[in-house]
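Taking it in order: structure first as structure tokens, then the write-up.
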Amino acid sequence: MNIIGINASPRKKANTQTLVEKVLQGAAEKGAETRLVNLRDLAINGCLGCEGCKKHLGKCVQKDDLTPLLQELTTYDAIVMGTPVYWFHVTAQFKMLVDRLYSFMAFGKNPETGAPTIQSAFPAGKKFIFLISRGDPDPPALFPQFYDHLDEWLNLVPMTLGAGAYEFIHQYSADIDRKAALNDAPLLEKAKAAGAGLVSST
């Protein structure tokens, strides 16, 4: 089994990376081949909305470091994606990755019924784990409704990609402490067990 972990935090060796690495460790100890990608190390762009990918579905026309990574994602059995929460949403790096996954999707209408249709060139049935690190506690002390949109949006990602299974692991009250996850033994164990579960459930 091959598994890729994507860290969308711009901070080096902080909580999100710690959790992604722990999931990969759990999978590796069960025999999986794993790879870690830090988006901060790549030269990536957001989606241009050019619709060039609709001429060859699944092929983004941009020439940056994200284009080959998008193709590589189709070859993995499981995908681990981690992001901190900045200003009540995912990081810019995470959002750019997800926006570029639009290159696999074609939306249209049934010519007979007019009902909306979706065609996907992204292989269905993959497993996903999402790791979300945020500074606020659960529930938030202020403005709890500000996170409702985040949870709804995050659930759309694996659903749209046709995930076979997916899981969310949340870290709360991280604040600006880069080592909060390292000092949270139950959270680390949960992340490691989730990684092992990717392999043992095959």
Side-chain angles (χ1 to χ4, degrees), residues 1-44 58 64-86 90-98 100-101 104 121-134 154-155 157-174 177-202:
M1 185 177 194
N2 58 345
I3 301 173
I4 187 171
I6 299 176
N7 172 32
S9 174
R11 305 174 81 192
K12 294 183 178 181
K13 293 294 183 180
N15 294 305
T16 303
Q17 183 170 339
T18 295
L19 293 173
V20 172
E21 289 177 344
K22 187 58 66 170
V23 172
L24 295 181
Q25 178 187 345
E29 290 181 358
K30 290 292 184 177
E33 296 289 331
T34 65
R35 173 190 174 198
L36 173 67
V37 174
N38 291 303
L39 291 184
R40 65 172 177 268
D41 296 332
L42 306 182
I44 61 178
D64 65 354
D65 293 342
L66 199 50
T67 296
L69 179 61
L70 292 172
Q71 293 303 307
E72 290 165 15
L73 290 181
T74 66
T75 69
Y76 284 90
D77 301 301
I79 300 172
V80 181
M81 303 176 71
T83 179
V85 174
Y86 287 178
V90 299
T91 62
Q93 291 85 350
F94 190 96
K95 186 62 164 57
M96 282 193 286
L97 170 62
V98 172
R100 294 279 293 279
L101 289 168
F104 291 97
F122 195 85
K126 294 184 183 296
K127 299 177 182 179
F128 287 82
I129 292 178
F130 295 87
L131 302 154
I132 316 298
S133 174
R134 76 186 199 201
L154 284 168
N155 273 282
V157 177
M159 291 172 58
T160 304
L161 294 174
Y166 61 94
E167 177 181 357
F168 290 92
I169 297 177
H170 293 269
Q171 179 193 18
Y172 300 103
S173 302
D177 181 2
R178 293 172 186 256
K179 296 186 178 181
L182 278 174
N183 296 324
D184 190 336
L187 179 63
L188 292 178
E189 186 56 36
K190 183 176 182 179
K192 185 177 179 181
L198 289 174
V199 182
S200 60
S201 61
T202 56

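These values consider heavy atoms only, across backbone and side chains, with no hydrogens, waters or symmetry-generated copies. Worth saying up front: this structure is predicted, and the values here are computed from it rather than measured. If you read the sequence from its start, that first residue is 1, and numbering goes on from there.
- Other residues, nucleotides and ligands contribute over 12 non-hydrogen atoms within 6.0 Å of the CD atom of Glu72.
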Glu21/Lys13 under side chain to side chain contact (heavy atoms under 4.5 Å, CB included): CA gap, chis, key distance, verdict: CA-CA 10 Å; Glu21 289 177 344; Lys13 293 294 183 180; 3.5 Å; yes
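- Checking side-chain atoms of Lys126 against main-chain N and O of Ile79 turns up no donor-acceptor pair under 3.5 Å.
- In this structure, Asp77 contributes its side chain and Met1 its backbone to no donor-acceptor pair below 3.5 Å.
- Formation of a donor-acceptor pair under 3.5 Å by the Glu189 side chain with backbone atoms of Asp184 is not found in this model.
- The backbone N or O of Ala43 lies less than 3.5 Å from a partner atom in the side chain of Asp65, making a donor-acceptor pair.
- Distance check, rounded to the nearest 0.5 Å: CD1 of Ile169 to CG of Leu187 gives 7.5 Å.
- When all heavy atoms of Gln93 and Pro10 are compared, the closest pair comes out as NE2-CB, 3.6 Å.
- What you find for Phe168 and Asn155 is that their closest heavy atoms are CE1-OD1, 3.6 Å.
- Remark: side-chain polar atoms of Thr83 are paired, donor with acceptor, to backbone N or O of Thr91 under 3.5 angstrom.
- Each of Leu36, Asn38, Leu73 was compared with Ile6 under the side-chain contact (heavy atoms from CB on, under 4.5 Å) criterion, and only Leu73 meets it.
- To the nearest 0.5 Å, atoms CG (Leu24) and NZ (Lys192) are separated by 12.5 Å.
- Within the 4.5 Å cutoff, side-chain heavy atoms of Leu42 are placed close to those of Val37.
- In this structure, CD on Gln171 lies 11.5 Å from NZ on Lys190, to the nearest 0.5 angstrom.
- Looking at Arg40, its side chain does come within 3.5 Å of a backbone N or O of Arg11 through a donor-acceptor pair.
- Phe130 and Tyr166 have perpendicular rings, their planes meeting at more than 60° on a 0 to 90° scale where under 30° would count as parallel.
- Nearest heavy atoms, Ala181 versus Thr18: CB-CG2, 4.1 Å.
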Residue pair Met96, Leu39: steps toward the side chain to side chain contact (heavy atoms under 4.5 Å, CB included) verdict: CA-CA 10 Å; Met96 282 193 286; Leu39 291 184; over 6 Å; no
Worked verdict on Thr75 versus Ile4 for side chain to side chain contact (heavy atoms under 4.5 Å, CB included): CA-CA 10 Å; Thr75 69; Ile4 187 171; over 6 Å; no
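- In this structure, Asn15 and Ala174 approach most closely via the heavy-atom pair ND2-CB, 3.8 Å.
- One side chain, Thr67 or Arg100, offers a donor N or O that lies under 3.5 Å from an acceptor on the other.
- Using a 3.5 Å distance cut-off with no hydrogens or angles, the side chains of Gln25 and Glu29 do pair a donor with an acceptor.
- The shortest heavy-atom contact between Ala32 and Ile3 is CB-CD1, 3.9 Å.
- Considering CD1 of Ile132 and CE of Met81, their distance stands at 9.0 Å, rounded to 0.5 Å.
- Between the side chain of Asn7 and the main chain of Thr16, no donor-acceptor pair closer than 3.5 Å is present.
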Test log, rule side chain to side chain contact (heavy atoms under 4.5 Å, CB included), inputs Phe104 and Leu161: CA-CA 9 Å; Phe104 291 97; Leu161 294 174; 5.6 Å; no
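- At least one donor-acceptor pair closer than 3.5 Å links the side chain of Arg178 to the backbone N or O of Lys12.
- Of all heavy-atom pairs between Ala27 and Val199, the closest is O-CG2, 3.7 Å.
- A donor-acceptor pair under 3.5 Å is formed between the side chain of Lys127 and the backbone N or O of Leu198.
- Note: Leu154 CG to Phe128 CZ = 12.5 Å, rounded to the nearest 0.5 Å.
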